[in-house]
Structures are given as C-alpha cells and as structure tokens.
Amino acid sequence: MANSFTIALKLDDLAAVRGYRTLFEGMSLALDPGSLLELRGLNGAGKSTFLRILAGLTRPAAGKIDWLCASEDHAFRHFLGHLDAIKPQETVRQQAMFWASFLGVADSRHSAREALKVVGLANRADVPGRGLSAGQRRRLALTRLVMAPRAVWLLDEPLAALDADGQTMVRDLIKDHRKQGGLVIAAMHGEGFENAQILDMGEFTPRQSAVTDEVA
Amino acid sequence: MANPVVTLFFRELRLAWSGGGGAALPVGFYAGAATLTPLALGPAPDLLRAAGPGILFITLALASLLPMERLFQADLEDGTLDALGASGANYTGMALAKTSAHWLASGLPLSLIAPVLWVMLQGPGAAVGVVLACALSGSLAFFFIGAIGAALAAGVRRGGLLIALTALPLYAPATIFGASALYAVSEGRDFGQALNLCMACAMAAVALGPFAAGAALKTALD
C-alpha cells in the first residue's frame, strides 16, 4: 500500500489574533499529499496557535481552511502539543491502551504493546506517568501517532526533550507517514527535516504590531 | 471496538478512584459535616429533627461541589483535553462521560451514606428509602449542573470560587424540592410531589448539562 492517505490542505488568507495582538495574517498556502511543512519563527510568532487552529481547537480570526480529503470522516488529525497529556497516576501501558481504544484501534492491548516497543518504552510499561522523564513522556505521547493511523500529524516541536535515538525514531516515523501520503506540519527549532517545505511565520507578522513591539 | 465515550467513561472512573483522583474527599466531607452537626447543635432530638433534613441537603450540595474544580481543569492543564478535542471527539460526549464517571465515583457513595446520616440526625428510620431517592436525584442534579460551572471555569486558575458562584444559584431548585421532600417525609406528610420535582431537576440537569458543559469546554480550549 503506497498511499493509504489522500489528503491535501489549502489555506486561504488565514489570520490569528491572541488577546489584542494579531499574530499573523494573510497566510495562504497549499500542501500536497505526503508533504511536510516546517513552521519556523521566533518564540511568540504564532507557531503553536497556527497548529491549534489546524487542529480545530482554536478558531482563526479570518480566513478559510480546506482539508481536501477523500472521506468525510472528521477523525483525521493527530495533535501533539507541547503538553504530553500524561496522567501521573496511570501506568504507561494503561495510558497507551486508553488512547488506542479511544482513537478507535481494533485490538487496543496488542497495538499498545507494539507501539510501546516502537517508541522504546516496552520495558517501562508498568511505570506510572509520574515516574517518567520529559523524554519518556514525549515518547509515550508519540504512541498515539503509532497506534492510530491518521492522515494529518500536527506536531509542536516533536524533537524537544528527546535523545538522539528518539529524534531518529521521530524522523523515521515522519518519513514513513509521508510515504503513505500523510501530511505532517511541525513547529521546529534547530535542525529540520529532509525535503521539508519551510514556512517562516515572520513573513506573516503584521508590520504595524512589529513597530509597536519595537517601541514598547 | 468500543465507543470513545464509553472508553473515556471507564478511564475517568479508574482515575477518580486511583491515588490522587480524590473521589473519597466529598464522601469524607459529607460524613464529617453531618457527624459534626449534633456536636454543634446539641443532642436534643427535636432540634436535630427540625434542622437535620435541611443540613443533610445543604451539605450534600456543598460536598458535590468539591470535585468540580478538578473535573475538567486537570485535563486542560496536562494537555489531555487538547488531544481529546483534536481527535475529532464530540465535546458533549466528553462532558457526559466525565461527569457521569465522577458522579458514579463520588456522587453515588454520597447518596448511599445519606440514609445513614439521616438516621444519625434522628430522622425516622422507615423513611430511608425516600432519603436515598432524594439524595440520588439531588446529587445527580448537583453534579451535572456543577459540571457546567466546572467547564466554564476550567481555564481559570483557582477557579473554584467561580464554579461556586455560577453553579450554586442553579442548585436552588433541586435544593428546595429535595429538602422539602425530606421535611415532608420526616413529618409524615405527602412527599411525592416534592420528590418528583427533585427528580425532574435531576433529569433536566442530566439532559442539558453535558451540552452546556461541552460548549463551555470548547471555549476553554480556544
């Protein structure tokens, strides 16, 4: 199966406002199936807000988002924010199984076990969430992407807190996902991904607010 | 393949009873408050019989308010709500699953100890069935109305006061009818009408609460 997903994205004149500040405006772009969009920009440039808008969590101030996909199913996105959605009192295995089952995976026990192997937490399966390091928490969050196939991955700094092995794992996961025709949109600092499209958030920062920032 | 709402319900139930879930706190509060009443008012049976039903219902309302602050806030703070929301799940279903799991974890135990506390406050022993029905419908109403306040205040740090301010006025109908049913049964009058109205409050809360709470959750994420 070369292409399990067929999804493209078209943004038309998107704008976001946080409080009274316009983060970005006039953002238009189109993404083909299998592409990777890397969001670049300073802290506070609106990368996370952009991801939340695409995740359907935040409403854009203006503009249109078109997901061009074959099916009408609205369960097509994974969102990995900078919070890992880890419950301190539940074990790693319980949390993975909950997400598998919640995301509609058929055999949640089996798929959780396999996913924990992929992310390298198989020998930590009985540890409660409070006993995990930042990198291990991130790895546990990544099991969601591994377990439930979804066409769009929205990742907020997916490599943060991960060691070298973990970063290679994420790069491989993303490569596989793109091969299957999935879309990846990731906010990034530091070294980027192979043949990614770069979106510099700074280009869409309204000029006026940049001036006010300097004065302030 | 289980329904996501059912999956979420069972997880919430497990989390509520596991360490740090805090399902036992309201039960402890309720038992403690009702036990202290005779110590504060004095052991005179007449006085306890007069004050008991009211106190029993007020403390039930306040105990139901206790788990509300963390009901949605914990999920908002650790990012669970983001992941649930982005997965395409329905917010009303999420609010329904979470609220009913918490009712089962702490509201049901609250209702079950109400008859014991009733007898302790010199209520007639024959009426425990009515007390149980009152406490069940009262706690259902309190939890599902409280969930609206909890969802509205989820994004506010230390939002407990805000929950109390938004939910307590809405507790009034259930409190009025529940307490009057308790007084009626303790004085041997007909309690049917008041009990029915209290149950109606519970049904309205269960039917409408999740929609309001779900809409408020969506706003909290924005």
Side-chain angles (χ1 to χ4, degrees), chain A residues 16-18 48-49 51-61 67 72-91 94-95 97-108 111 128-130 137-138 140-141 143-145 148 150-156, chain B residues 1-25 67 70-98 101-102 105 151 154-155 214-222:
Chain A
V17 175
R18 227 52 192 136
S48 296
T49 305
L51 285 174
R52 291 182 70 85
I53 287 174
L54 293 182
L57 296 171
T58 300
R59 257 177 299 242
W67 297 102
E72 287 293 297
D73 191 5
H74 60 133
F76 62 93
R77 291 176 281 215
H78 274 304
F79 172 69
L80 234 65
H82 62 278
L83 298 165
D84 294 315
I86 308 287
K87 292 288 173 197
Q89 66 268 51
E90 255 187 341
T91 66
Q94 281 175 322
Q95 310 203 31
M97 274 173 59
F98 161 72
W99 284 109
S101 163
F102 183 83
L103 297 169
V105 178
D107 185 353
S108 58
S111 90
R130 69 170 75 82
R137 292 165 68 91
R138 183 36 64 119
L140 179 51
T143 55
R144 301 207 303 266
L145 308 186
R150 297 256 169 121
V152 179
W153 290 4
L154 305 164
L155 314 172
D156 203 342
Chain B
M1 197 165 95
N3 185 311
V5 174
V6 178
T7 310
L8 185 61
F9 170 80
F10 282 111
R11 182 205 209 192
E12 285 300 322
L13 200 56
R14 198 173 62 220
L15 284 174
W17 274 109
S18 66
L25 175 67
R70 298 303 290 167
L71 182 59
F72 298 116
Q73 200 177 47
D75 279 358
L76 190 70
E77 281 171 0
D78 67 15
T80 303
L81 218 48
D82 289 344
L84 293 174
S87 77
N90 170 307
Y91 290 91
T92 307
M94 281 168 8
L96 176 66
K98 287 184 64 80
H102 280 263
L217 278 184
K218 208 169 173 194
T219 320
L221 282 177
D222 197 344

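Below, read A as the first sequence line, B as the second, and so on, with proteins coming before strands; counting in each chain starts at 1.
Between chain A and the options B:Leu81, B:Leu221, B:Asp75, B:Asp82, the largest number of non-hydrogen pairs under 4.5 Å is found for B:Asp82. Of the listed residues (B:Leu8, B:Val5, B:Thr80), the one with the most heavy-atom contacts under 4.5 Å to chain A is B:Thr80.
Proximity to chain B (any heavy atom under 4.5 Å) is shown, for A:Leu57, by both the backbone and the side chain. Neither the backbone nor the side chain of A:Arg137 comes within contact range of chain B; no heavy atoms are under 4.5 Å apart. If you measure heavy-atom distances from B:Tyr91 to chain A, the contacts under 4.5 Å come from the side chain alone. Only the side chain of A:Arg52 comes within contact range of chain B, judged by heavy atoms closer than 4.5 Å.
Rounded to the nearest 0.5 Å, atoms CD (A:Gln95) and CZ (B:Arg11) are 5.5 Å apart.
Considering only heavy atoms from C-beta on, A:Trp99 comes within 4.5 Å of B:Leu84 through its side chain.
Not counting sequence neighbours, the partners of A:Phe98 by the ring-ring contact (aromatic ring centres under 6.0 Å, His included) test are A:Phe102.
Looking only at distances, no side-chain donor or acceptor of B:Asp78 sits under 3.5 Å from a matching main-chain atom of A:Lys87. Of the possible polar contacts, one joining the A:Arg150 side chain to the B:Ser87 backbone as a donor-acceptor pair under 3.5 Å is found.
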